Amino acid sequence: MPATFVIFGASGDLTSRKLIPALYKLFCKKRLRDGLRVVGFSRSPYSHQQWRSELAESTARFAGEDFDPDVWQQFESELFYHAGNIGEPADFERLRDFLAGIEKGVASPRVYYMATAPNFYEAAVDQLGRNGFADETDAPRRVVIEKPFGFDLASAKQLNHAIHRTFQEHQVYRIDHYLGKETVQNLLVLRFANTIFEPVWNRNYIDHVQITVAEEVDVGKRAGYYDKAGVMRDMFQNHLLQLLMISAMEPPVRYEADAIRNEKVKVLHAVRRLTAEDVAVDTLRGRYDGYTKSKDIAADSRTATFAAVKLWIDNWRWQGVPFYLRSGKAMSCRTTQIVIQFREPPQRLFATERNNLCDANRLIIQVQPAEGIQLHFQTKVPDAGMKLRTTDLNFNYQSEFGKSMPEAYERLLLDALEGDASLFARADEVEAAWRVCDPILKAWQESDQPPLLTYEPSVWGPEESAEWMRSQGREWFDTCPVLA
Ligand SMILES: NC(=O)c1ccc[n+]([C@@H]2O[C@H](COP(=O)([O-])OP(=O)(O)OC[C@H]3O[C@@H](n4cnc5c(N)ncnc54)[C@H](OP(=O)(O)O)[C@@H]3O)[C@@H](O)[C@H]2O)c1
């Protein structure tokens, strides 16, 4: 039985840039086992054909060489547009009749995708409930909620509560597209399908972990939204904490949604809460020079576009191992990487040029732009006495498997259609993530400590960030993508 995929926010950027290209590629790869109808809902007054034509053009642009006009023709015949306003209850009644029409009265599995501004999530879900859209008596019904999920802990709890008035937790898919990336999933494989990593994946061998999400772009057209959110809400609460959980979690008892999510959420529960005093010394925040020049940003804005945070995970595996998380806009380059910095050997047998941690082993998991893994280790330079040099072993997904990497949304949309929630956040998980971020945001706002630093665009954040690491006997791994 074909499923129906209903997109709220059908005329928006996410729909044209990510959702439709991902569904189209799944269609091309014949992954949509039982077929699929896509229904778009937003206020713009398109006809079916106008919406299809716009999406043909944008999909050709975003899907690149994967776009085949003949295949698109088949795909678009199942694209439908239904104009409506989330604020108008009558529009949902019309949508209900419209869906019944295209489904020919046969109860079909449905996914409702919230690709609209977050302030509409609650109203849209409420209307879905009132019109019986969540009723699973005859077929599964799921809702996908985009990020950001809440603005702080209180609003995230309220949103969870509001969604649970209509949908049960097993029907709710909170998306973080980082989890759809092959390398992030491969981190689970690396850790739990190999025996050589797990014995060293702990406080006995690891000095610290660095997780960096650096963006080369500045806030650009998103200035209005970004100024209200800032780096902590935009990056830490979701992407960085997701990467932290996957890096630090214990092996799940089974590879299934709740077993995985149970282990992930335990990591967040073990993260030591930061007091205002901790925030002043264990976090840094900055803003690139020129940020307030954008017309959508208030001249007296105090929004941070860069932050670095040191977190401790109080459990047996990680006691005493700091996790350094940092993210920024207008940085040197676009890269997302997890650096596992191992300890130095207990005895120094060989003289190296730099006697410090940089000579110790390092495992780099590069999430983007290229996906892959690099292991750093010491080797002897040939014919140079006992001179040592750091060298590396590389694993690059693209060159290893020789085909283009799937977009994260492909995997996640397919999982949502097939009812696998393993790579989606659970209600308690998003709330636990806010419990980590809220005290930092509160301290920044109330005590204005640490100070908001300024950095030149196209560097690795404020200079003080490097000094902060050096004062702890460590160094940031400031290398633009290690894998091309
Ligand atoms: N764009 C991305 O790459 C991206 C990435 C990650 C997450 N997200 C999240 O995805 C969501 C959508 O982002 P976006 O960039 O696509 O935003 P957008 O381009 O502004 O699109 C918003 C959509 O909502 C519709 N809409 C607005 N008011 C409506 C109403 N009253 N009733 C029905 N539809 C309404 C708009 O269409 P009409 O004006 O025609 O009604 C439009 O289709 C946001 O929560 C964002 O945070 C986006």
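As the structure lists them, so they are numbered: ligands from 1, and atoms in each ligand from 1. Given the structure is predicted, the values throughout are model-derived calculations rather than measurements.
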Can you tell me how far CZ of Phe5 sits from OH of Tyr112, rounded to the nearest 0.5 angstrom?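 Reported to 0.5 Å precision, the distance equals 12.0 Å.
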Give the intermediate values and the outcome of salt bridge (Lys or Arg N to Asp or Glu O under 4.0 Å) for residues Asp258 and Arg426. CA-CA 9 Å; Asp258 268 329; Arg426 212 168 51 186; 2.7 Å; yes
Can a salt bridge be assigned to the pair Asp13 and Arg17 using a cut-off of 4.0 Å between side-chain N and carboxylate O?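 Yes, this pair counts.
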Would you mind listing each N/O atom of ligand 1 next to any protein N/O under 3.5 Å, plus the distance?
unit_1	atom_1	unit_2	atom_2	d
ligand 1	1 (N)	Asp13	OD2	2.7
ligand 1	3 (O)	Arg17	NH2	2.5
ligand 1	16 (O)	Asp13	N	3.2
ligand 1	16 (O)	Leu14	N	2.8
ligand 1	19 (O)	Asp13	N	2.9
ligand 1	24 (O)	Thr116	OG1	2.9
ligand 1	28 (N)	Arg43	NH2	3.4
ligand 1	31 (N)	Asn85	OD1	2.9
ligand 1	32 (N)	Ile86	N	2.9
ligand 1	37 (O)	Ser11	OG	2.8
ligand 1	39 (O)	Arg43	NH2	3.0
ligand 1	40 (O)	Ser11	OG	2.8
ligand 1	40 (O)	Arg43	N	3.4
ligand 1	40 (O)	Ser44	N	2.9
ligand 1	40 (O)	Ser44	OG	2.5
ligand 1	41 (O)	Arg43	N	2.8
ligand 1	41 (O)	Arg43	NE	2.7
ligand 1	43 (O)	Gly9	O	3.2
ligand 1	43 (O)	Ser11	N	3.1
ligand 1	43 (O)	Ser11	OG	2.8
ligand 1	43 (O)	Gly12	N	2.9
ligand 1	45 (O)	Thr116	O	3.0
ligand 1	45 (O)	Tyr121	OH	2.9
ligand 1	47 (O)	Lys147	O	3.0

Can you name the residues that form a salt bridge (Lys or Arg N to Asp or Glu O under 4.0 Å) with Glu418, not counting sequence neighbours?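 Listed in chain order: Arg33.
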Could I get the full list of salt bridge (Lys or Arg N to Asp or Glu O under 4.0 Å) partners for Arg94, not counting sequence neighbours?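 Applying salt bridge (Lys or Arg N to Asp or Glu O under 4.0 Å) to Arg94 gives Asp91.
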Applying side chain to side chain donor-acceptor pair (under 3.5 Å), which residue pairs with at least one partner in residues 95-106 are found, sequence neighbours left out?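 For residues 95-106: Thr4-Glu103, Arg96-Asn131, Glu103-Arg110.
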